[in-house]
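Counting convention: from 1, in listed order, for ligands and their atoms alike.
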Amino acid sequence: MHLHYKIQQMKKPMPPRLPVRCSLRRTMAKRRHLRLFLYLSFLLFLSFFILHLTSSILRRANSLGRSCSPPSPPTFLSSSFPRSKIAIVTLSDESKESEIYYPGAWKRRSFVGVRKAVWGNKKSYAEKMGYGFVDATTLVDRSRPPNWSKVLAVRSSLRFYDWVFWNDAESILFGLIGHGDVQSSPDLVVTEDLNGVNSGVFFIRKSNWSQRFLEKWWNQTSFVQFGSTKSGDNAALSHLIDHLPQEELQLHVLISPMQCLFNSYPWYPSLKSYHLLISPQKTWQGAYSDGDFIVHFAGLDNKSGWALKYLQDV
Ligand SMILES: *[C@@H]1O[C@H](CO)[C@@H](O)[C@H](O)[C@H]1NC(C)=O
Ligand SMILES: *[C@@H]1O[C@H](CO)[C@@H](O)[C@H](O)[C@H]1NC(C)=O
Ligand SMILES: *[C@@H]1O[C@H](CO)[C@@H](O)[C@H](O)[C@H]1NC(C)=O
Ligand SMILES: *[C@@H]1O[C@H](CO)[C@@H](O)[C@H](O)[C@H]1NC(C)=O
């Protein structure tokens, strides 16, 4: 009995010697975590630093040597041609009815307040330059998302002017544009961003080609899209331009070599900043810099907030 008890006692596990190694391992793991944490914090800090640096560099792109004008001064700038009749056409649908087009997104993407923020700026610019200013808000066609109504607005104004300059409610005018010989000009002047041509800001000339083109654009009903942040008008324009015969494209459409000529986007650190790595050249060409003609708040929420901010800056 006694012996058995002893044996049993001896069989009891020895106090483990592991704890020393265990705590050592734990300390090492802790250190590894700490190192990883410090490393990640550093990376995060570095990215923030780089993004902020990039944002201030891009904002000064023009003074750092970027040139937004075409390489050679356009011949149409010469004063031997009669002055073209130019109109700035824009509309802004602030009505509650437009909510049905953007379920959920309406409040974020709202145009409420945009009109108040930018109308004065656009109108006084047009007056200063002797351009017409057409507010086509009454032409909104409610069978499609409001972005499509630009086609109707431009089509109806084109009868009265040589050139119509379309710009979305979410852009502001700043600088100067030239005038000249209307007849030898292209019919459609657009800019490209990362996604291709942008339908938010463009020039179109009074011509049969333009009238037909606008009609074709309006006819691209298969692109009409409801209930999303995209309404399809831009995709339809891209599609039309992509499918023009080469010869027609060369004769009638001018894609500005520099987006910043008249359609700059604000650049700020965001989740989309990785675009900078994918296409540094396009970012450089399209970022709004002090001195640019137009800033376009494409695809941004709180448009009136942005507009007020930029108007205060200039
Ligand atoms: C434009 O079309 C009209 C008829 O629709 C025609 O009378 C006119 O000659 C055309 N203009 C040009 C420049 O082709
Ligand atoms: C646009 O559609 C209308 C109606 O379907 C048609 O009459 C017209 O010819 C079309 N225009 C063009 C330029 O395709
Ligand atoms: C309307 O166009 C603007 C710019 O062109 C764009 O930011 C916006 O997302 C468009 N809205 C829809 C619903 O497509
Ligand atoms: C929009 O921007 C303005 C100005 O930057 C700001 O005061 C306002 O709070 C913003 N509104 C929303 C809904 O984010």
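Residue K216 has no nitrogen or oxygen atom sitting less than 3.5 Å from a nitrogen or oxygen atom of ligand 2, judged on distance alone.
With hydrogens and angles left out, the side-chain atoms of D187 and S207 include a donor and acceptor closer than 3.5 Å. A side-chain N or O of S171 and one of N167 form a donor-acceptor pair less than 3.5 Å apart.
For atom 14 (O) of ligand 1, the nearest protein heavy atom lies under 4.0 Å away. Within a 4.0 Å radius of atom 4 (C) of ligand 2, the protein contributes no heavy atom. Put simply, atom 11 (N) of ligand 1 has protein non-hydrogen atoms near it, under 4.0 Å away.
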- [ ] Test S149 against D141 for side-chain hydrogen bond (donor to acceptor under 3.5 Å, both in side chains), laying out the working first.
- [x] CA-CA 6 Å; S149 291; D141 180 324; 6.0 Å; no

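Among all non-hydrogen protein atoms, the one lying nearest atom 9 (O) of ligand 2 is E215 OE2, 4.0 Å. What sits closest to atom 8 (C) of ligand 1 on the protein, heavy atoms only, is N208 ND2, 3.6 Å.
Contact check on D233 versus K150 returns a salt bridge, with a Lys/Arg side-chain nitrogen under 4.0 Å from an Asp/Glu carboxylate oxygen. A salt bridge links R66 with D292: the closest approach of a Lys/Arg side-chain nitrogen to an acidic carboxylate oxygen falls below 4.0 angstrom.
Note on W267 and L261: separate hydrophobic clusters, where clusters join Ile, Leu, Val, Met, Phe, Trp and Tyr whose side-chain heavy atoms are under 4.5 Å apart, directly or indirectly.
Near N219, the atoms of ligand 2 lying under 4.0 angstrom from a non-hydrogen atom of the residue are 1 (C), 2 (O), 3 (C), 8 (C), 10 (C), 11 (N), 12 (C), 14 (O).
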